[in-house]
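Atoms within a ligand are numbered from 1 in the order they appear, just like the ligands themselves.
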Amino acid sequence: MSKNVLVTGGAGYIGSHTVLQLLLGGYRAVVVDNLDNSSDVAIERVEELAAELGGNLSFHQVDLRDRSALEKIFAQTKFDAVIHFAGLKAVGESVHQPLLYYDNNLIGTIVLLETMAAHGCKNLVFSSSATVYGWPKEVPCTEEFPLAAVNPYGRTKLFIEDICRDLCRSDSEWNIILLRYFNPVGAHPSGYIGEDPRGTPNNLMPFVQQVAIGRQPALKVFGNDYSTKDGTGVRDYIHVVDLADGHIAALRKLSDPNISCEVYNLGTGKGTSVLEMVAAFEKASGQKIPLIKVGRRPGDVEVVYASTKKAEHELNWKAKFGIEEMCRDQWNWASKNPYGYRSPNLNLN
Ligand code: NAD
Ligand code: UD1
């Protein structure tokens, strides 16, 4: 019988791609999302992309902090595991509205964990972030590096990681995998689902994409005096479909009864500068991206990329796609959906 997985935040960018891979992998998925930063069109499109397996998806527009609504969902279905994506993720906003972030991300997680425990579902995969490495002293970042939070968003990730570690120490029935994502970019190769940020994008590739389709005049390059190959910041960009597959690998690992609380980096292990990424996108799209060089963005790190060894050995997972595929698929999504899910109807064929 296929396994039931609850996916919180499953209408969002990473969640929607993961739900699709789950369905294609034979799982049944129940999505809980308050649609605060997403659209139910993403759910409809995932269902269509999954074709006959789309019937294994159901969706509840529910806020995780709504304990009684969550309780009802757990009462209806016996879940084998939960993948917990739901959370707010804008770093700048978290600095200005820390209570919003602590309330949404921490309370939402605590209500989820309590409800899981009450229903005897103690298998969890949680979306952590490379942000917990702060400004790493060296690269690549291994999972044993010291952890630091540099803003309220990052602190919610660190707190939740600690909550999960404490929970596993307190009760050996819990199996939790913390996945530290590096920089997810790109979209499903169909161009039917992708990232659709509200307002002006903060992250590099959603901004580049908006320059390419004429919604923004130029990309501001934050800093050109870093000690890197071309002076711009270096990151580990990972294709969102590779990242989604990493969750399927983590779910398989959860069936190992001895894992307790484990952490894995999900990245490619390769560092790419802002200018290299822009050049790859220009090549993939045929569009010129005008650049304005400005000062460093406060709080930005110089170079971050992952050590991928632990995930390769223990999850048997490795990213398959490079920056060419990331940029190709990002452009495919952007050109077909210039206004994201609010674009005029797109037919899947
Ligand atoms: P996203 O905003 O697209 O998806 C998050 C989803 O959670 C949204 O659909 C939102 O509506 C939902 N949500 C938020 N609060 C909720 C609540 N209280 N109840 C129910 N639903 C709620 O973001 P994403 O990029 O898909 O990120 C998913 C997770 O991965 C987040 O936890 C994020 O912090 C983490 N992460 C993202 C990145 C990244 O660069 N995208 C990097 C590292 C970690
Ligand atoms: C962001 C988040 C971080 C999160 C990470 C993973 C911030 C401040 N940090 O960091 O918490 O863990 O994503 O998704 O949002 N850049 C430009 N111009 C732009 C935008 C970005 O030059 O308009 C540069 C940045 O300076 C950086 C690189 O592009 O060198 C990547 O930036 P971004 O996409 O925001 O990711 P992170 O900085 O890694």
Side-chain angles (χ1 to χ4, degrees), residues 7-18 31-40 42-43 60-66 69-70 83-95 100-101 103-109 111-112 126-134 149-151 153-154 156-157 160 179-185 194-198 200-208 210-211 216 218-224 226 228 232-238 240 243-244 266-267 272-275 277-278 291-305:
V7 186
T8 77
Y13 172 45
I14 306 170
S16 55
H17 289 80
T18 304
V31 169
V32 168
D33 197 304
N34 62 5
L35 300 183
D36 186 86
N37 194 38
S38 50
S39 160
D40 55 1
I43 296 287
H60 301 269
Q61 185 174 352
V62 159
D63 190 297
L64 274 189
R65 292 161 295 179
D66 183 345
L70 198 60
I83 307 183
H84 178 32
F85 293 105
L88 298 174
K89 62 162 188 178
V91 171
E93 186 182 58
S94 81
V95 173
L100 178 70
Y101 274 66
D103 182 29
N104 191 80
N105 294 5
L106 298 182
I107 306 294
T109 301
V111 172
L112 174 68
F126 171 64
S127 305
S128 188
S129 165
T131 191
V132 299
Y133 294 119
V150 287
N151 51 61
Y153 163 71
T156 68
K157 292 295 176 197
I160 296 170
L179 296 177
R180 293 185 185 144
Y181 311 153
F182 281 68
N183 290 61
V185 297
E195 186 169 13
D196 182 18
R198 299 251 156 104
T200 308
N202 298 310
N203 297 114
L204 178 66
M205 292 313 283
F207 201 98
V208 166
Q210 291 202 0
V211 176
Q216 300 286 346
L219 172 74
K220 290 194 190 86
V221 177
F222 297 142
N224 58 6
Y226 289 112
T228 58
T232 64
V234 167
R235 295 291 183 275
D236 186 340
Y237 297 96
I238 174 168
V240 66
L243 192 70
L266 294 185
T272 304
S273 74
V274 174
L275 296 184
M277 207 58 188
V278 169
L291 302 179
I292 305 171
K293 295 194 174 165
V294 299
R296 295 180 177 194
R297 180 170 64 178
D300 255 1
V301 173
E302 186 165 88
V303 180
V304 188
Y305 55 89

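- Heavy atoms of Tyr181 come nearer than 4.0 angstrom to ligand 2 in no pair at all.
- The option with the heavy atom closest to atom 24 (C) of ligand 2, from among Val304, Val303, Val274, Asn224, is Val274.
- Counting atoms of ligand 2 from 1 in the listed order, those under 4.0 Å from a heavy atom of Leu219 are 18 (N), 19 (C), 23 (O).
- Of the polar atoms of Asp300, at least one N or O is found under 3.5 Å from an N or O of ligand 2, judged by distance alone.
- Residue contacts with ligand 2: Leu204 is placed with a nitrogen or oxygen under 3.5 Å of a nitrogen or oxygen of the ligand (distance criterion only).
- For atom 32 (O) of ligand 2, the nearest non-hydrogen atom from the set Arg235, Met277, Arg297 comes from Arg297.
- In terms of heavy-atom proximity, Ala42 sits nearest to Ser16 at CB-CB, 4.4 Å.
- Set against the non-hydrogen atoms of Val221, the atoms of ligand 2 under 4.0 Å away are 22 (O).
- With hydrogens and angles ignored, the 3.5 Å screen pairs a side-chain donor or acceptor of Tyr13 with a backbone N or O of Val185.
- Which of Thr232, Thr228, Asn202, Val234 comes nearest to atom 20 (C) of ligand 2 through a heavy atom is settled by distance: it is Asn202.
- At least one N or O atom of Asn183, backbone or side chain, sits closer than 3.5 Å to an N or O atom of ligand 2.
- Considering Phe222, Tyr153, Phe207 only, the shortest heavy-atom separation from atom 22 (O) of ligand 2 involves Phe222.
- Comparing Val185, Asn104, Asp36 by heavy-atom distance to atom 15 (N) of ligand 1, the nearest is Asn104.
- Using a 4.0 Å cutoff on heavy atoms, Ser129 counts as a contact of ligand 2.
- Within the 4.0 Å heavy-atom cutoff, Pro184 counts among the residues contacting ligand 1.
- For ligand 1, the polar-atom distance check finds no N/O of Tyr181 at less than 3.5 Å from any of the ligand's N/O atoms.
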